[in-house]
Enquirer: 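Questions regarding the structure given below will be posed in turn.
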Amino acid sequence: MYHSKITGLGFYVPDNIVTNDDLSKKIDTTDEWIQERTGIQRRRHIIRGEDTTTSMGVKAAEIAIERSGLAKEDIDFVIFATLSPDYYFPGPGVLVQRDLGLKTVGALDVRNQCSGFVYAVSIADQYIKTGMYKNILVIGSEVHSTGLDMTTRGRGVSVIFGDGAGAAVLSREEDLTKGILSTHLHSEGQHAEELIVKAPGMGQRWVTDIIADNNPEDESYYPYMNGQFVFKNAVVRFSEVINEGLQANNLQVSDIDMLIPHQANLRISQFIQQKFQLSDDQVYNNIMDYGNTTAASIPIALTEAWEKGKIKEGDTVVLAAFGSGFTWGSVIIKW
Ligand code: UT7
């Protein structure tokens, strides 16, 4: 039995910065509304032809692998979390294997939206614990900008999401007091339709129906979110799953050195911070700069926090996510 630890982190965001004022030129919205309701000031959008979910993931992964001190040949497995794959199939995991020139290692795609990175880390942790793999590359990457309804109709959702990628290398750790102490995953599919992109799917609306309809008013390709309902569930589930992780390890709230919450809404993070009575130094937020990048948000924030020296050896780091599904989860790490 082993533990796994994070040995390399990296992130990549496109150069193209889109401010709230930029959005207000296309959509009936204001910088004031967006900042007040979400905390977001700007986000990144890819430039057509320059980046994709996979290419951003590859760029983040290259940095993470280099920082881990490993060679590409040392990577035993790839896990890629995204809700915005380049292709409907195959998923981006195999494209990373190709584009990074990895050995013919296994490549797994995770589809758990905002909780995707936490789910992916949990899977990687299990493979490393059992001794099956030694070094696993975990990526969260998203391109939202090409799939949003950039009209006033879609404003409740389209101002929130941004593009970007983050990656981590998880490696075997023999000291069982270090690394990932536990992971906790949950779902409640009863609320699947409260935050959803319906098409293209093979369920109620067949692709052949969509093509036959050829309807420019078809909204099934755009994300739908019942914002207030999602918000109310998020604050409850974030709290529960952080407590669950702490209790499983006999830790107290005061033991948390750094909480990296999924960057869904600054108001959600602030609510959690207040509820757990954490200081500004104990919670890392960067939604102001990148918006909500779903599966990429935790690895981007974790990398930034680590780059800024806010995470040190011996720290107790908590990752927590909630999102579409509903799915939620936490990871407790002794750094
Ligand atoms: O990452 C996965 C998990 N996601 C989340 O946890 C997100 C949770 N939800 C939220 O963050 C918030 O619900 C939103 C930021 C999405 C929305 O904020 P809200 O305070 O819940 O606003 P609302 O949807 O209740 O809308 C309030 C008003 C409405 O107008 P009326 O009906 O009061 O006249 C909306 O039409 O704000 C209007 N509105 C906007 N106005 C300007 C909605 N979007 C916009 C906009 N600009 N972009």
Side-chain angles (χ1 to χ4, degrees), residues 18-43 81-84 110-119 140-142 144-145 147-164 166 186-189 191-197 219 222-242 260-273 275 285-288 290-301 319-330:
V18 178
T19 65
N20 295 341
D21 285 336
D22 292 334
L23 290 182
S24 70
K25 287 171 193 144
K26 292 185 200 165
I27 301 175
D28 181 13
T29 189
T30 60
D31 176 48
E32 193 190 2
W33 190 97
I34 300 171
Q35 286 212 46
E36 193 184 302
R37 305 284 175 135
T38 70
I40 299 166
Q41 298 173 17
R42 57 191 80 82
R43 74 285 293 140
T82 189
L83 61 75
S84 51
V110 167
R111 298 199 45 184
N112 288 90
Q113 299 70 248
C114 302
S115 309
F117 187 76
V118 165
Y119 267 73
S141 180
E142 305 285 7
H144 284 292
S145 58
L148 297 170
D149 180 358
M150 283 294 181
T151 68
T152 297
R153 184 178 65 180
R155 67 182 178 173
V157 171
S158 302
V159 301
I160 296 171
F161 292 108
D163 302 342
H186 294 276
S187 71
E188 190 174 26
H191 302 308
E193 281 81 17
E194 303 295 348
L195 177 46
I196 188 168
V197 175
E219 291 177 53
Y222 293 127
Y224 163 80
M225 174 161 66
N226 181 352
Q228 291 193 6
F229 185 75
V230 175
F231 192 105
K232 284 178 193 150
N233 278 267
V235 291
V236 173
R237 297 310 193 182
F238 265 114
S239 305
E240 281 177 6
V241 84
I242 293 167
I260 310 272
H262 160 56
Q263 302 292 294
N265 184 319
L266 191 59
R267 289 193 294 144
I268 294 177
S269 293
Q270 287 167 342
F271 180 93
I272 303 300
Q273 178 174 345
K275 183 162 182 199
N285 288 305
N286 61 8
I287 191 169
M288 305 73 86
Y290 304 119
N292 178 346
T293 57
T294 53
S297 95
I298 289 182
I300 293 175
L319 315 181
F322 174 86
S324 159
F326 292 152
T327 56
W328 61 101
S330 64

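Counting convention: from 1, in listed order, for ligands and their atoms alike.
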Enquirer: For atom 29 (C) of ligand 1, is some protein heavy-atom partner under 4.0 Å away?
Expert: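 No, there is no protein heavy atom closer to it than 4.0 Å.
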Enquirer: Between Asn20, Asp163, Asn292, which is the residue that forms a side chain to side chain donor-acceptor pair (under 3.5 Å) with Arg43?
Expert: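 Considering Asn20, Asp163, Asn292, a side chain to side chain donor-acceptor pair (under 3.5 Å) with Arg43 is found only for Asn20.
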Enquirer: Show which atoms of ligand 1 fall inside a sub-4.0 Å distance from at least one heavy-atom site of Met225.
Expert: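 The atoms of ligand 1 under 4.0 Å from a heavy atom of Met225 are 4 (N), 7 (C), 16 (C).
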Enquirer: Where is the tightest heavy-atom contact between Leu23 and Val159, given as atom of each residue plus distance?
Expert: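 Result for this residue pair: CD1-CA, 3.8 Å.
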Enquirer: Check this for me: Arg111, atom CZ, are more than 12 non-hydrogen atoms of other residues, nucleotides or ligands nearer than 6.0 Å?
Expert: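 No, the 6.0 Å shell around CZ holds no more than 12 heavy atoms from other groups.
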Enquirer: Considering only heavy atoms of Gly156, which atoms of ligand 1 have at least one such atom less than 4.0 Å away?
Expert: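 With Gly156 as reference, the close atoms of ligand 1 come out as 16 (C), 44 (N).
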Enquirer: Is there a protein heavy atom less than 4.0 Å away from atom 6 (O) of ligand 1?
Expert: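 Under 4.0 Å from atom 6 (O) of ligand 1, at least one protein heavy atom found.
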Enquirer: What part of Ile268, side chain from CB on, backbone N/CA/C/O, both or neither, has a heavy atom under 4.0 Å from ligand 1?
Expert: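 Under 4.0 Å from ligand 1, Ile268 contributes side-chain atoms alone.
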Enquirer: Starting from atom 15 (C) of ligand 1, what is the nearest protein heavy atom, named by residue and atom, and what distance separates them?
Expert: Thr38 CG2, 3.5 Å
Enquirer: Distance below 4.0 Å between atom 20 (O) of ligand 1 and any protein heavy atom?
Expert: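 Yes, at least one protein heavy atom sits under 4.0 Å from atom 20 (O) of ligand 1.
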Enquirer: Can you sort out which atoms of ligand 1 are near Val159, meaning under 4.0 Å from one of its heavy atoms?
Expert: 48 (N)
Enquirer: Under 4.0 angstrom from atom 9 (N) of ligand 1, is there any protein heavy atom?
Expert: yes
Enquirer: What residue and atom, counting heavy atoms only, is the protein's closest point to atom 11 (O) of ligand 1, and at what distance?
Expert: Asn265 ND2, 2.6 Å
Enquirer: Evaluate the 4.0 Å heavy atom contact test for atom 41 (N) of ligand 1: does a protein atom fall under the cut-off?
Expert: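 It does: a protein heavy atom is found less than 4.0 Å away from atom 41 (N) of ligand 1.
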Enquirer: Starting at CH2 of Trp33, measure out to OG1 of Thr38 and round the result to the nearest 0.5 Å.
Expert: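 Answer rounded to 0.5 Å: 7.0 Å.
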Enquirer: Measure across Ala321 and Val118 and return the closest heavy-atom pair with its distance rounded to 0.1 Å.
Expert: CB-CG2, 3.9 Å
Enquirer: So which bit of Gln113 gets within less than 4.0 Å of ligand 1, heavy atoms only: side chain, backbone, both or neither?
Expert: neither
Enquirer: So which heavy atom on Ala296 is nearest to which on Gly140, and how close?
Expert: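 In this case the closest contact between Ala296 and Gly140 is CB-O, 3.3 Å.
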Enquirer: Ignoring hydrogens, tell whether any protein atom lies closer than 4.0 Å to atom 25 (O) of ligand 1; use the non-hydrogen atoms only.
Expert: yes
Enquirer: Tell me: protein heavy atom nearest atom 23 (P) of ligand 1, and distance?
Expert: Gln228 NE2, 4.0 Å
Enquirer: Can you sort out which atoms of ligand 1 are near Cys114, meaning under 4.0 Å from one of its heavy atoms?
Expert: 1 (O), 2 (C)
Enquirer: Any side-chain to backbone donor/acceptor pair from Ser158 onto Leu148? Under 3.5 Å, distance only.
Expert: no
Enquirer: Give the residue, atom name and distance (to 0.1 Å) of the protein heavy atom nearest atom 47 (N) of ligand 1.
Expert: Thr29 OG1, 2.6 Å
Enquirer: How many angstroms lie between atom CD of Glu32 and atom CZ of Arg37, to the nearest 0.5 angstrom?
Expert: 10.0 Å
Enquirer: Nearest 0.5 Å, please: how far is CD1 in Ile40 from CZ in Phe161?
Expert: 8.5 Å
Enquirer: Looking only at protein heavy atoms, which one is nearest to atom 43 (C) of ligand 1, and what is the separation?
Expert: Trp33 CZ2, 3.4 Å
Enquirer: Have a look at ligand 1 and work out which part of Phe231, if any, has a heavy atom under 4.0 Å from it: side chain, backbone, both or neither.
Expert: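 Contact part for Phe231 vs ligand 1: both backbone and side chain.
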Enquirer: So, Ser297 side chain and His262 main chain: donor-acceptor pair closer than 3.5 Å or not?
Expert: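 Side chain of Ser297 to backbone of His262: no pair is present.
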Enquirer: Which residue and non-hydrogen atom of the protein lie closest to atom 1 (O) of ligand 1, and at what distance in Å?
Expert: Asn292 ND2, 2.7 Å
Enquirer: Hey, are Thr293 and Glu142 close enough side-chain-wise for a donor-acceptor pair under 3.5 Å?
Expert: no
Enquirer: Under 4.0 Å from ligand 1, counting heavy atoms only, is it the side chain of Ile160, its backbone, both or neither?
Expert: side chain
Enquirer: Check Ile268 against Ala234 and note the closest heavy-atom contact, atom names and distance.
Expert: CD1-CB, 3.9 Å
Enquirer: Tell me, please: is Gln263 in heavy-atom contact with ligand 1, that is, under 4.0 Å?
Expert: no
Enquirer: Please tell me whether Thr327 and Asn112 have a donor and an acceptor in their side chains that are separated by less than 3.5 angstrom.
Expert: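 Thr327 vs Asn112: no donor-acceptor pair found between side chains.
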Enquirer: Please report which non-hydrogen protein atom sits nearest to atom 27 (C) of ligand 1, along with the residue it belongs to and the distance in Å to one decimal place.
Expert: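 Its nearest protein heavy-atom neighbour is Arg37 NH1, 3.6 Å.
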Enquirer: Please list the nearest protein heavy atom to atom 38 (C) of ligand 1 with its residue and the distance rounded to 0.1 Å.
Expert: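 For this ligand atom, the closest protein heavy atom is Arg155 NH2, 3.7 Å.
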Enquirer: If you round to the nearest 0.5 Å, how far is CD of Glu36 from CG of Asp31?
Expert: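 If we round to the nearest 0.5 Å, Asp31:CG and Glu36:CD are 11.0 Å apart.
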